Amino acid sequence: MEKTFIYLDNSATTCPSEASLEKMREALSVSYGNAGSVHAMGNAAHRLLEEARNALGLTVGIRRPQDGHVIFTAGGSESNNLAIFGSIRAKERDGGRVFITDGEHPSVNECANELEKQGFEVFRVPTVGGVLDLDYLRKNCDKTTVLASFMLVNNETGAVYDVAEAARIVRERAPRAFIHCDAVQGYLKTRFTLKSLGVDAVSVSGHKVNAPKGVGALFITAEVIKSKRLVPVTLGGGQESGFRSGTENIPAIAALGVAAIEGFREMASRHERIASLRALLERELCGAVRINRPEKGLDSIANMTLPNIKSETMLNYLSGEGICISAGSACSARGGGVSRALTAFGILPEEADCSVRVSLSHLNSEEEIIRFAATLRDGISKLARIK
């Protein structure tokens, strides 16, 4: 008999919705033309592309060209790289100050490391307790600042950062700086628009919002286009208004458009559902683990520290019981080492090594949460005895 898995790793990736899969099948089997071709099949593919672009734009307040533009990419990491390197190269910058948070996703942190090698001065804003240290930003941000990139939601702790206020501070002190937000974990989980964040660009990823893997988007303001503050980092056929060359992945893009509208329309009900599951999770685990709560966080992400049991040991135990959770970011989970995001949060290295992440979806059930909690408690008891 096939084992039934309980999937509680939705911050790593999500199950594509039935509607998004159906749209993907249509694009693969019916409207499979190249969106750049001018014949009937190409036109059909182009209509799917623009339908998806309009759908995603709607979710972040882009309804007209003057509101901004949607660039499709292969995912959140590419969107982040395009925003960071595309903005730096646009003005041929050869130095200056760059700001990120100290717990950024690797796709931003590694970009910052590369800029450091090129002579830029990188400042990592502290996020103790899941709160952006805005005083640190005020103290160090000046007119030499060329770039700021702040994640909206931390992928390991669920902390929601005040990106709008951080952007306001940067804008006030460095009007010419390019401001970017990695909203991969926050997209369709917390309400925002491109305008409300006050940034120049926002990155999102499809597989975090019940669309397939391999597709994402970068939202940019109309001002970025007008002032030519972003250039492509991938050259070729000039697709996506010249910002991202390469034949568009129409099936995945069309599926993302459907998933985005679904998530946008159901955001309130999904939030209510997940909040209820989170409350149940905390009741069931009360006294068994320490839950690392940020000052303001998403209900969907629960980071918890186990009592002197290595996270890898517990993950293996739970996997054997048919339960899938993680120890942090899936993009760096197999690389080993202590999580930067957790130590930045204020968790001791030895505690971070014993911490796991549970990430919930509206598709999870109460029965799954109860079974997980019971299995985790059993695992703590058994593994503690073995130790």
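Being a predicted model, the structure only gives us computed values, none of them experimental. We count residues from 1, following the sequence as given.
Here the closest heavy-atom approach between residue F264 and residue L58 is recorded as CZ-O, 4.1 Å. Closest of all the heavy-atom pairs between L277 and I369 is CD2-CG1, 4.0 Å. Between I309 and C354, the closest heavy-atom pair is O-CB, 3.2 Å. Heavy atoms only, all atoms of each residue included: A112 and V122 are closest at O-CG2, 3.5 Å. In plain terms, the two heavy atoms of V356 and S311 that are nearest each other are CG1-CB, 3.8 Å. Across every non-hydrogen atom of A373 and E284, the tightest pair is CB-CB, 3.5 Å.
Listed for the D200 side chain is no donor-acceptor partner under 3.5 Å among the backbone atoms of H180. Between the side chain of R278 and the main chain of I301, a donor-acceptor pair closer than 3.5 Å is present. At least one donor-acceptor pair under 3.5 Å links the side chain of D67 to the backbone N or O of R63. In this structure, R340 contributes its side chain and E104 its backbone to a donor-acceptor pair below 3.5 Å. Of the possible polar contacts, one joining the S87 side chain to the A83 backbone as a donor-acceptor pair under 3.5 Å is found. With R53 contributing its side chain and V70 its backbone, the two residues share a donor-acceptor pair below 3.5 Å. Between the side chain of R173 and the main chain of T144, no donor-acceptor pair closer than 3.5 Å is present. Of the possible polar contacts, none joining the N54 side chain to the E51 backbone as a donor-acceptor pair under 3.5 Å is found. Formation of a donor-acceptor pair under 3.5 Å by the T145 side chain with backbone atoms of L147 is not found in this model. Listed for the K208 side chain is a donor-acceptor partner under 3.5 Å among the backbone atoms of S11.
One finds the NZ atom of K91 at 9.0 Å from the NZ atom of K228 (value rounded to the nearest 0.5 Å). Atom OG1 in T13 sits 5.0 Å away from atom NE2 in H207 (nearest 0.5 Å). In this structure, CD1 on I6 lies 7.0 Å from OG on S365, to the nearest 0.5 angstrom. How far CG of L285 is from CZ of R283: 11.5 Å, rounded to the nearest 0.5 Å. Summarising the geometry, atom NZ belonging to K189 is positioned 9.5 Å from atom CE belonging to M267; distances are rounded to the nearest 0.5 Å. Atom OG of S359 and atom CD of Q185 lie 7.5 Å apart (nearest 0.5 Å).
The number of heavy-atom neighbours closer than 6.0 Å to NE2 of H362, taken from other residues, nucleotides and ligands shown, is above 12. Other residues, nucleotides and ligands place no more than 12 heavy atoms under 6.0 Å from the CD atom of E272. Within a 6.0 Å radius of CD in E312, other residues, nucleotides and ligands contribute 12 heavy atoms or fewer. In the displayed structure, E172 atom CD is contacted under 6.0 Å by more than 12 heavy atoms of other residues, nucleotides or ligands.
We find that D299 and R270 are not joined by a salt bridge, their nearest charged nitrogen and carboxylate oxygen being 4.0 Å or further apart.
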List, one per line, each side-chain donor-acceptor pair under 3.5 Å for residues 34-42, sequence neighbours excluded.
| residue | atom | partner | partner atom | Å |
| --- | --- | --- | --- | --- |
| N34 | OD1 | G36 | N | 2.8 |
| H39 | ND1 | M41 | N | 3.3 |
| H39 | ND1 | G42 | N | 3.0 |

Please tabulate, for side-chain N and O atoms in residues 252-262, each donor-acceptor pair with protein atoms closer than 3.5 Å (sequence neighbours left out).
| residue | atom | partner | partner atom | Å |
| --- | --- | --- | --- | --- |
| E262 | OE1 | S17 | OG | 2.7 |

Under 3.5 Å, which donor-acceptor pairs link side chains of residues 209-224 to any protein atom two or more places apart or in another chain?
| residue | atom | partner | partner atom | Å |
| --- | --- | --- | --- | --- |
| N210 | ND2 | C15 | O | 2.8 |
| T221 | OG1 | V224 | N | 3.3 |

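Checked by atom type, the side-chain pair N303/T157 shows no donor-acceptor distance below 3.5 Å. Defined by atom type and a distance below 3.5 Å, a donor-acceptor pair is present between the side-chain atoms of Y187 and T59. Side-chain N/O atoms of S339 and E156 include a donor and acceptor closer than 3.5 Å.
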### Task
Output, in order, the C-alpha distance, side-chain angles, deciding distance and verdict of side-chain hydrogen bond (donor to acceptor under 3.5 Å, both in side chains) for S203 and D182.
CA-CA 5 Å; S203 300; D182 174 357; 5.5 Å; no
### Task
Give the C-alpha distance, both sets of side-chain angles, the deciding distance and a yes or no for side chain to side chain contact (heavy atoms under 4.5 Å, CB included) between F5 and E368.
CA-CA 9 Å; F5 282 91; E368 287 178 324; over 6 Å; no
### Message
Please determine whether salt bridge (Lys or Arg N to Asp or Glu O under 4.0 Å) holds for the pair E282 and R293, giving the CA-CA distance in whole Å, both sets of side-chain angles, and the decisive distance to 0.1 Å.
### Response
CA-CA 11 Å; E282 295 202 6; R293 298 180 182 84; 2.7 Å; yes
### Message
One pair to check against side chain to side chain contact (heavy atoms under 4.5 Å, CB included): C111 and N81. What are the steps and the verdict?
### Response
CA-CA 7 Å; C111 288; N81 275 255; 3.4 Å; yes
#### Entry: Steps toward side chain to side chain contact (heavy atoms under 4.5 Å, CB included) verdict (N113, N109)
CA-CA 6 Å; N113 289 343; N109 190 62; 3.7 Å; yes
### Query
E266 and R273: salt bridge (Lys or Arg N to Asp or Glu O under 4.0 Å), yes or no, with the steps?
CA-CA 11 Å; E266 297 174 11; R273 170 70 178 163; over 6 Å; no
### Task
Take D133 and V128, measure what side chain to side chain contact (heavy atoms under 4.5 Å, CB included) needs, and give me the verdict at the end.
CA-CA 8 Å; D133 189 340; V128 177; over 6 Å; no
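Side-chain contact between L8 and L360 is present, with at least one heavy-atom pair separated by less than 4.5 Å. Side-chain contact between I380 and P307 is present, with heavy atoms from C-beta onward closer than 4.5 Å. Using a 4.5 Å cut-off on side-chain heavy atoms (C-beta onward), Y317 and T375 make contact. Contact check for E26 versus S31: side-chain heavy atoms found under the 4.5 Å cut-off. Under the 4.5 Å side-chain criterion, counting only non-hydrogen atoms from C-beta, L132 is in contact with T127.
One hydrophobic cluster holds both V98 and I84 under the rule that ILVMFWY side chains link at heavy-atom gaps under 4.5 Å. Transitive grouping of hydrophobic side chains (ILVMFWY, heavy atoms separated by less than 4.5 Å) keeps V204 and I71 in distinct clusters. Under a hydrophobic clustering in which Ile, Leu, Val, Met, Phe, Trp and Tyr are joined whenever their side-chain heavy atoms come within less than 4.5 Å, directly or via other members, F345 and V289 fall into different clusters. I100 is connected to F178 through a chain of hydrophobic side-chain contacts under 4.5 Å among Ile, Leu, Val, Met, Phe, Trp and Tyr, so both are in one cluster.
Judged as a ring-ring contact (aromatic ring centres under 6.0 Å, His included), the pairs with a partner in residues 121-156 (not counting sequence neighbours) are, in order, F99-F123.
Considering V163, V170, L152 in turn, V163 is the only one that fulfils the side-chain contact (heavy atoms from CB on, under 4.5 Å) rule with V199.
Scored by the salt bridge (Lys or Arg N to Asp or Glu O under 4.0 Å) test, E165 finds R138, R168 as partners (sequence neighbours excluded). Every residue meeting the side chain to side chain contact (heavy atoms under 4.5 Å, CB included) condition with E351, not counting sequence neighbours, appears here in chain and number order: R290, T305, I347, L348.
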